[in-house]
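This report concerns only the one structure given below.
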Amino acid sequence: MSSEKPILHSYFRSSCSWRVRTCLNWKEIDYEYCPVNLLERAQKKEEYSETNPKVVPALKTDGILLSQSVAILEYLEETQPEKPLLPKDPYKRALVRSIVQAIASDIQPLIQPLHYIKSLQYLESIGGNKNEYIIYCITHGFEGIERQLANTSGKYCVGDEVTLADVCLLPQVYDTNRFGIDMTKFPLIQRITNDLSELDAFKKGHPQNQIDCPAEEKNKIS
């Protein structure tokens with residue numbers, strides 16, 4: 001990695017941004033935090049859209065600009081192998097990536113307006129309940145992950161070392177809390193996220209510890 005400090009374009013409450021913040025913290029990479037206010041649609045403004053394709057996070061590092069959180073995580077893992085977040089064993093690496101994709105592809109898009117708004121508008125137009133639909137999709141996704149963890153977990157998602165699966169899991173659980181999901185149905189997910197919440201890299205990446213988290217939000221976030 002070049003001597004120039006990386007710049008992370010991020011929004012405090014974005015679970016995708018939280019993944020990247022945690023990875024940077026875990027690997028002890030000093031970076032500059034550049035807030036992008038999604039509520040003000042700052043990601044759509046010309047000065048930002050020239051930097052990134054209208055989403056967060058985006059990471060400027062090594063003279064290049066990267067978008068999409070999973071791609072950024074993989075790049076950091078490949079270029080900064082110290083404090084690895086992928087196991088050496090190919091099978092375990094595949095298990096980690098399977099959980100990452102279950103979260104990033106099967107669950108997270110369903111609760112982000114940028115991704116689901118057209119589908120939910122259609123659902124409402126035919127008399128469906130959008131919140132019930134979201135809860136159903138999240139619950140179905142967590143059921144699959146809970147089954148995976150029954151076969152892969154130790155202290156964390158895959159064995160006893162923190163991996164990219166863990167980096168993705170905690171922000172996703174936090175992000176789904178606002179839908180009132182009964183997490184007692186997912187004891188492995190709950191136990192692992194509780195343990196992850198005690199780790200410094202995850203604490204530093206938490207929404208309430210970001211410079212763009214409003215004071216009133218900090219009082220709400222736990």
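These numbers were taken from a predicted model, which means no experiment stands behind them.
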Quick one: does [X]'s side chain get under 4.5 Å of [Y]'s, heavy atoms only?
| X | Y | result |
| --- | --- | --- |
| Y75 | T61 | yes |
| D166 | D195 | no |
| T139 | I181 | yes |
| W18 | S69 | no |
| S17 | L8 | no |
| H140 | D106 | no |
| Q148 | C157 | no |

Using only atom types and a distance under 3.5 Å, with no angle test, would you say the side chain of [X] pairs donor to acceptor with the backbone of [Y]?
| X | Y | result |
| --- | --- | --- |
| S98 | A94 | no |
| Q210 | H206 | yes |
| D62 | I64 | no |
| R19 | V167 | no |
| T22 | F202 | no |
| S105 | A102 | no |

At their closest point, which heavy atom of [X] faces which heavy atom of [Y], and how far apart are they?
| X | Y | value |
| --- | --- | --- |
| N209 | K204 | CB-O, 3.9 Å |
| S14 | V56 | OG-CG2, 3.9 Å |
| D30 | P6 | O-CD, 3.2 Å |
| C168 | P171 | O-CD, 3.5 Å |
| S153 | R191 | OG-NH2, 4.1 Å |
| D212 | S10 | OD2-O, 3.9 Å |

[atom2] on [Y] to [atom1] on [X], rounded to 0.5 Å:
| X | Y | atom1 | atom2 | answer |
| --- | --- | --- | --- | --- |
| I72 | C16 | CD1 | SG | 9.5 Å |
| I189 | L170 | CD1 | CG | 12.0 Å |
| W26 | Q80 | CH2 | CD | 15.5 Å |
| C23 | K83 | SG | NZ | 10.5 Å |
| L169 | I192 | CG | CD1 | 6.5 Å |
| I103 | D175 | CD1 | CG | 11.5 Å |

Please determine whether residues [X] and [Y] belong to a single hydrophobic cluster, defined as Ile, Leu, Val, Met, Phe, Trp and Tyr linked transitively by side-chain heavy-atom distances below 4.5 Å.
| X | Y | value |
| --- | --- | --- |
| L188 | M183 | yes |
| F179 | I145 | yes |
| L199 | L85 | yes |
| Y11 | I7 | no |

Quiz prompt | Parallel, tilted or perpendicular: rings of Y31 and Y33 (30°, 60°) | solution = tilted
Quiz item: If you draw a 6.0 Å radius around CD in E161, do more than 12 non-hydrogen atoms from other residues or ligands fall strictly inside?
Solution: no
Exercise. Mark yes when over 12 heavy atoms from residues, nucleotides or ligands other than K92 sit less than 6.0 Å from its NZ; otherwise mark no.
Key: no
Quiz item: Less than 4.0 Å between a side-chain N and a carboxylate O, is that true for E74 and R97?
Solution: yes
Quiz item: Charged N to carboxylate O below 4.0 Å: is that the case for E143 and K185?
Solution: no
Practice problem: Go through Q190 and N194 one step at a time and tell me if the side-chain contact (heavy atoms from CB on, under 4.5 Å) criterion holds. | Solution: CA-CA 6 Å; Q190 191 65 69; N194 287 343; 3.2 Å; yes
